[in-house]
Amino acid sequence: MATSARLLADLLQLNYVAVYSTHVENMEGPQLINRELRKSFTDEVPDPLQGGTLKLVLDGRPVLLPSITPQLAGSDEFIHAMGFGAFAGLPLLDERRNLLGALLIGSEKTWRGQPLLAETLRVAAARFGFDLELQRAREQGRAKGLQDSLTGLPNRLLFNDRMETTLREAHRTGEMFAVLFVDLDRFKNINDSLGHAVGDKVLHAVAQRLRKAVRGSDTVSRYAGDEFTLILRHITQRDDVKRIAEKIVNLMEVPLSLEGNSELRITASIGVSFYPGDAITTDDLLRYADVAMYNAKSMGRNNFQIYQAVSEDSNQQRIALENNLRKAEQNGELRVFYQPQIDAKTEDIVGMEALVRWEHPDLGMISPGFFIPLAEESGLIVGIGEWVLRTACVDAYNWQQRYGLPLRIGVNLSAVQLRQKNLSEVVAAALRDSGLDPGSLELEVTESINVDTVSDLIENMEALHQIGCQISIDDFGTGHASLDYLRRLPARRIKIDQSFVRNIGVDPDDEAIVKATIEMAHNLNRDVVAEGVEIEPHLRFLREHGCDEVQGYLFCRPLASMAFDRMLAERQRLFGRQVGNETAV
Ligand code: C2E
Ligand code: CA
Ligand code: CA
């Protein structure tokens, strides 16, 4: 709320922004919960409750005074005392339009000739209303026993609720997510020998360490006693989860200092299961994570294990799924989603990445992170990859024509495709049949492919380059061949992997890698795209260090082609055709 208030004050050049909260049950009246003051022109800020205006607002009536005459000011003591030139008060409402509080803003200058003001205030009030509602929901959560009182983490009840929500979402969007079961090793010993106070301290520290290891959008809960459960969302590669699990194991080992200069070392065993790869229900996901956790214990504790289905059963499941995948293209179950790529400076859209989805008749959307490996092992990726390429070229061509934008389309190539002798012919045909200019097509090659074991890789890349396509190196920084790659491949652009971007503001080492990567790429005349840009601080950092383009949830999730088209239409309606000026998606 403080950030929103500051933004609003900057945007409208306000001297006063205040948020009041009211509770029906609260006898003390409205409470000030946030106030932003700029260059106050009275020494002491009076209480707005002195005047009658706040009462009006709290009765649910918005007040907008764009220009205050001395006479008008005289009718409200507060406005008078503040010496405002303009003032507004807006009721803050929840989703069901119940009153939660009031937003008061005042400025030294009047608001004549500001046509968008009322609209801006409406949006701001909605935002503050939402924040207030969230704050209350949290308070209620604590009151209703959804939060663990020792650690402040969600408890088992709230965890189960989050699982249900996550499952529903994933079913709809095809995202992959992971469930982690974290169990402290020999916690009972600590409790028994050092006492409960120390035990509590350990649990508290563990809660903090777990929170630190994951993103804000992930769930960490205290499931029971010394058991913690985590939901890690929006997983694109299983390896990302391995890295987080590893990080947790390492974080746990950091000695915990106790009173009297003594130190305590705690360790944990972790089990991991994946949706939808291992299971598609809450119970099964937890059960499998638990099984994997026991495996970790039996491997000598202080490590993590990923659930491995061992039975015949799972093998059959796999074969069945592979058979379904074989028919998926013919049955029209494959979709291409598109995620915009944004110019870091102008914030205008410059291109999009094609991301395949499988809309399974029973399982809903399935993430490529799950079925691409399957398709690669069975060779099905060749057909699927060509279908994605063709679809993406046609869509890109249509959007270029319809909206007059020189949009670039990024298509992922798998290692298996790169081994195909006729790859450049397949690409050339897709370009010819769609009418798309080769320069608009960018093929993304992941860095984890070994240049030396894929014998035709360099030849294929050169051939693609000859046709006029652009090439980018995907997931840059995760493999071991980054520099070698840059030197040997005719790549125009590199994409910094999300696992580094995610840690901007968290891990100085990863920040240094991002910085150095951008510098090195620029020295070699390559452009840089950052992936997985989720929050403002990521963007700020990347911009500061000269990153050229950004892609991530901060701007937009991958969209179905209809939704992507609507987004482009909306952009055109708002900003017209030209690219490269101060526009946003
Ligand atoms: P990728 O090439 O690294 O693609 C980016 C992935 O990051 C996409 O996941 C995208 O949805 C996700 N992403 C984008 N912004 C954010 C963000 O802000 N936060 C987070 N957490 N994630 C973000 P998706 O669609 O699940 O794709 C996963 C991987 O599957 C891709 O990783 C790519 O390697 C592969 N893939 C997708 N489509 C194709 C395809 O048509 N062919 C081939 N061979 N591989 C594909
Ligand atoms: Ca990619
Ligand atoms: Ca990537």
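If you read the sequence from its start, that first residue is 1, and numbering goes on from there. Remember, it's 1-based here, ligands and their atoms both numbered in the order they're listed.
- One option in Gln498, Glu175, Arg233, His538 has a heavy atom closer to atom 6 (C) of ligand 1 than any other, and that option is Gln498.
- Here Asn412 has heavy atoms under 4.0 Å from ligand 1 in both its backbone and its side chain.
- Under a 4.0 Å criterion applied to the non-hydrogen atoms of His234, ligand 1 contributes the atoms 21 (N).
- At a threshold of 4.0 Å, the pair Asp131-Arg127 counts as salt-bridged, since one of the basic side-chain nitrogens sits closer than that to a carboxylate oxygen.
- Assignment of Gly532 to the shell around ligand 1 is supported, since a heavy atom sits closer than 4.0 Å.
- If you look at Asp475 and ask which of its N, O or S atoms sits nearest the Ca ion (ligand 3), the answer is OD1.
- When only interatomic distances are considered, the shortest N/O to N/O separation between Gln237 and ligand 1 does not fall below 3.5 Å.
- A centroid separation of less than 6.0 Å is found between the aromatic rings of Trp399 and Phe564.
- Taking the charged nitrogens against the carboxylate oxygens, Glu164 and Arg168 have no contact shorter than 4.0 Å, which rules out a salt bridge.
- Given atom 19 (N) of ligand 1, the protein heavy atom at minimum distance is Glu534 OE2, 2.5 Å.
- Inter-residue side-chain proximity for Ile518 and Ile496 is flagged as met; some heavy-atom pair is nearer than 4.5 Å.
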- Task: Evaluate side chain to side chain contact (heavy atoms under 4.5 Å, CB included) for Tyr338 paired with Leu559, printing each intermediate quantity in order.
- Result: CA-CA 5 Å; Tyr338 296 93; Leu559 299 173; 5.7 Å; no
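- Scanning the protein for heavy atoms near atom 25 (O) of ligand 1, the closest one is Arg357 NH1, 2.9 Å.
- Residue Tyr553 holds the heavy atom nearest to atom 18 (O) of ligand 1 of all those in Tyr553, Phe555, Phe337.
- Considering only non-hydrogen protein atoms, atom 40 (C) of ligand 1 sits nearest to Val356 CG1, 3.7 Å.
- For a distance bound of 3.0 Å, the N, O or S atoms of Thr446 include none lying that close to the Ca ion (ligand 2).
- Within the 4.0 Å heavy-atom criterion, the part of Pro558 lying near ligand 1 is the side chain and not the backbone.
- Ion pairing between a basic and an acidic side chain is recognised when a charged N comes within 4.0 Å of a carboxylate O; Arg243 and Glu246 show no such pairing.
- Proximity of a side-chain donor or acceptor of Gln417 to a complementary backbone N or O of Val382 within less than 3.5 Å is not detected.
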- Stepwise salt bridge (charged side-chain N to carboxylate O under 4.0 Å, His left out) check, Glu544 with Arg540: CA-CA 6 Å; Glu544 230 164 72; Arg540 223 176 299 132; over 6 Å; no
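- Counting just the N/O/S atoms of Glu531, the one with the shortest distance to the Ca ion (ligand 3) is named OE1.
- Of the charged side-chain nitrogens involved, none lies within less than 4.0 Å of a carboxylate oxygen, so that Asp548 and Lys345 do not count as a salt-bridged pair.
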- Query: Step by step, would you call Arg211 with Asp218 a salt bridge (charged side-chain N to carboxylate O under 4.0 Å, His left out)?
  - Reply: CA-CA 9 Å; Arg211 270 265 50 118; Asp218 296 328; over 6 Å; no
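- By the definition of a contact as any protein heavy atom under 4.0 Å away, atom 38 (N) of ligand 1 is in contact.
- To the nearest 10 degrees, the angle centred on the Ca ion (ligand 2) between OE2 in Glu353 and OD2 in Asp474 reads 170°.
- Taking atom 15 (N) of ligand 1 as the reference point, the nearest protein heavy-atom neighbour is Gln339 NE2, 2.9 Å.
- Contacts with ligand 1 closer than 4.0 Å are made by side-chain heavy atoms of Asp474 only, the backbone lying farther away.
- For the pair Arg502 and ligand 1, the shortest N or O to N or O distance does not fall below 3.5 Å.
- Listed by atom number, the atoms of ligand 1 under 4.0 Å from Glu353 heavy atoms are 2 (O), 4 (O).
- Heavy-atom contacts of Ser414 reach the following atoms of ligand 1: 44 (N) (cutoff under 4.0 Å).
- Ligand 1 lies out of reach of Arg557, whose nearest heavy atom is not under 4.0 Å from it.
- Contacts between Glu376 and ligand 1 below 4.0 angstrom, taking non-hydrogen atoms only, are absent altogether.
- A distance of 4.0 Å separates CE in Met365 from CD in Glu359, rounded to the nearest 0.5 Å.
- Of the heavy atoms in Met176, none comes closer than 4.0 Å to ligand 1.
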- From CA spacing to verdict: salt bridge (charged side-chain N to carboxylate O under 4.0 Å, His left out), Lys242, Asp239: CA-CA 5 Å; Lys242 283 193 195 160; Asp239 281 352; 3.7 Å; yes
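- Inter-residue side-chain proximity for Thr219 and Leu230 is flagged as unmet; no heavy-atom pair is nearer than 4.5 Å.
- Checked against the 6.0 Å centroid criterion, the rings of Phe371 and His360 do not qualify as a close aromatic pair.
- Considering backbone and side-chain N/O atoms, Leu355 never comes within less than 3.5 Å of an N/O atom of ligand 1.
- Under 4.0 Å from ligand 1, the heavy atoms of Asp475 that appear belong solely to its side chain.
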- Could you give me the CA-CA distance, side-chain angles and deciding distance for Lys495 and Glu353, then say whether salt bridge (charged side-chain N to carboxylate O under 4.0 Å, His left out) is met? CA-CA 12 Å; Lys495 302 187 77 176; Glu353 176 174 1; 2.7 Å; yes
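- Within Glu444, the N, O or S atom lying nearest to the Ca ion (ligand 2) carries the name OE1.
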- Can you list the steps and then say if Ser367 with Glu175 is a side-chain hydrogen bond (donor to acceptor under 3.5 Å, both in side chains)? CA-CA 5 Å; Ser367 130; Glu175 76 171 68; over 6 Å; no
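- Only the side chain of Val388 comes within 4.0 Å of ligand 1, judged by heavy-atom distances.
- Using 4.0 Å as the threshold, Lys495 has no heavy atom nearer than that to any atom of ligand 1.
- Atom 22 (N) of ligand 1 is approached by the protein to below 4.0 angstrom, counting heavy atoms only.
- Side-chain contact check for Gln470 and Arg408: no donor-acceptor pair (N or O, by modelled atom type) lies under 3.5 Å.
- Taking distance alone, with nitrogen or oxygen atoms compared against 3.5 Å, Thr236 stays at or beyond that limit from ligand 1.
- Taking every non-hydrogen atom of Arg215 and a distance limit under 4.0 Å, the qualifying atoms of ligand 1 come out as 21 (N).
- Proximity of the aromatic rings of Tyr223 and Phe159 is defined here by a centroid distance below 6.0 angstrom, and this criterion is met.
- Residue-level proximity to ligand 1 for Gln551 is absent, since no heavy atom of it falls below 4.0 angstrom.
- Listed for the Arg502 side chain is no donor-acceptor partner under 3.5 Å among the backbone atoms of Val506.
- Annotation for ligand 1: atoms under 4.0 Å from non-hydrogen atoms of Ile372 are 43 (C), 45 (N), 46 (C).
- Residue, atom and distance of the protein heavy atom nearest to atom 36 (N) of ligand 1 are Pro368 CB, 4.0 Å.
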